[in-house]
Undergrad: 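Have a look at the structure that comes next, please.
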Amino acid sequence: MKVHFETARGETVTVEAQPGDNLLKLAQGAGMPLEGTCEGQMACSTCHVVVAKEWFAQLPEASEEEEDMLDLAYGVTATSRLSCQIELTEEMDGLTVRIPPEARDMSGI
């Protein structure tokens with residue numbers, strides 16, 4: 001299956017994925033600038049992505065805790081999600097998400 005990441009520069013990076021892959025880990029493996037400071041514990045919003053409108057309704061609903069963390073993210077939209085909370089399924093083949101221009105990855109510093 002494929003997942004498409006749209007960068008802040010307007011480029012699209014397509015990555016091969018498997019059902020069960022975590023979207024944050026997949027993005028990081030593809031070099032996307034998502035820090036994921038809390039390592040998927042939903043204690044930050046550094047893995048915020050914007051899901052393409054046509055895909056948003058197909059994802060499991062965000063938990064109240066995820067919604068609370070998204071309140072702290074910069075540039076949140078109606079289709080924002082934390083990538084650490086999205087586990088890929090076969091039905092998500094072709095999923096497209098945008099990396100916000102405010103995304104930072106300080107893990108290499």
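If you're wondering where the values come from, they're calculated on a predicted model, not measured in any experiment. Below, all heavy atoms of this structure are taken into account, side chains as well, without hydrogens, waters or symmetry copies.
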Undergrad: Which residues, ordered by chain and number, are linked to Val50 in its hydrophobic cluster, where ILVMFWY side chains connect at heavy-atom gaps below 4.5 Å, directly or through other members?
TA: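 For Val50, no cluster forms, as it stays isolated from other hydrophobic side chains.
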Undergrad: Between CD of Glu67 and CG of Leu82, what distance do you get to the nearest 0.5 Å?
TA: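 Taking CD in Glu67 and CG in Leu82, the distance rounds to 9.0 Å.
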Undergrad: Nearest 0.5 Å please: distance from the CD1 atom of Ile86 over to the CG atom of Leu26.
TA: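 Ile86 atom CD1 to Leu26 atom CG measures 11.0 Å (nearest 0.5 Å).
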Undergrad: Which heavy atom of Leu88 sits nearest to which heavy atom of Ala17, and what is that distance?
TA: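 Reported closest heavy-atom pair: CD1-CB, 3.7 Å.
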Undergrad: Taking side-chain hydrogen bond (donor to acceptor under 3.5 Å, both in side chains) as the cut-off, I'd like each qualifying pair that reaches into residues 54-64, sequence neighbours left out, listed once.
TA: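 Residue pairs passing side-chain hydrogen bond (donor to acceptor under 3.5 Å, both in side chains), neighbours aside: Ser63-Glu65.
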Undergrad: Can you give the donor-acceptor pairs under 3.5 Å from side chains of residues 8-15 to other protein atoms, not counting sequence neighbours?
TA:
| residue | atom | partner | partner atom | Å |
| --- | --- | --- | --- | --- |
| Thr14 | OG1 | His4 | ND1 | 2.8 |

Undergrad: Output the distance between atom CD (Gln28) and atom CG (Asn22), rounded to the nearest 0.5 Å.
TA: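 Between atom CD of Gln28 and atom CG of Asn22 there are 8.5 Å.
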Undergrad: Can you sort out the partners of Thr96 under side-chain hydrogen bond (donor to acceptor under 3.5 Å, both in side chains), two or more places apart, ordered by chain and number?
TA: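 side-chain hydrogen bond (donor to acceptor under 3.5 Å, both in side chains) list for Thr96, sorted by chain: empty.
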Undergrad: Got a sec, which residues hit side-chain hydrogen bond (donor to acceptor under 3.5 Å, both in side chains) with Glu16, two or more places apart in sequence or on another chain?
TA: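 Counting only residues at least two positions away or on another chain, Glu16 forms a side-chain hydrogen bond (donor to acceptor under 3.5 Å, both in side chains) with Lys2.
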Undergrad: Which atom pair, heavy atoms only, marks the closest approach of Glu90 to Pro19?
TA: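 Nearest pair, atom of Glu90 first, then Pro19: CG-CG, 3.4 Å.
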Undergrad: What distance do Ile99 atom CD1 and Leu34 atom CG have between them, rounded to the nearest 0.5 Å?
TA: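 Reported value, rounded in 0.5 Å steps: 4.0 Å.
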Undergrad: Would Met42 and Leu24 show up in the same hydrophobic cluster when neighbours are defined by side-chain heavy atoms closer than 4.5 Å?
TA: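 Met42 does not cluster with Leu24.
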Undergrad: Do you know which two heavy atoms are closest between Leu70 and Val76, and how far apart they sit?
TA: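 Closest approach of Leu70 to Val76, heavy atoms only: O-CG2, 3.0 Å.
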Undergrad: Restricting to non-hydrogen atoms, name the atom on Met92 and the atom on Pro60 that form the minimum distance, rounded to 0.1 Å.
TA: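 Met92 and Pro60 have their closest heavy atoms at CE-CD, 4.0 Å.
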Undergrad: Provide the closest heavy-atom pair for Phe56 versus Ser80 in the form atom of the first, atom of the second, distance.
TA: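 Looking at all heavy atoms of both residues, the closest pair is CE1-O, 4.0 Å.
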Undergrad: What's the separation between atom OG1 in Thr89 and atom CG in Leu59, rounded to the nearest 0.5 Å?
TA: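 So the gap between those two atoms works out to 8.5 Å.
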Undergrad: List in chain and number order the residues that pass salt bridge (charged side-chain N to carboxylate O under 4.0 Å, His left out) with Glu66, two or more places apart in sequence or in another chain; answer none if no residue qualifies.
TA: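 For Glu66 the salt bridge (charged side-chain N to carboxylate O under 4.0 Å, His left out) partners, ignoring immediate neighbours, are Arg81.
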Undergrad: For Ser83 and Cys47, which heavy atoms make the closest approach, and how far apart are they?
TA: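 Taking every non-hydrogen atom into account, OG-O, 2.9 Å.
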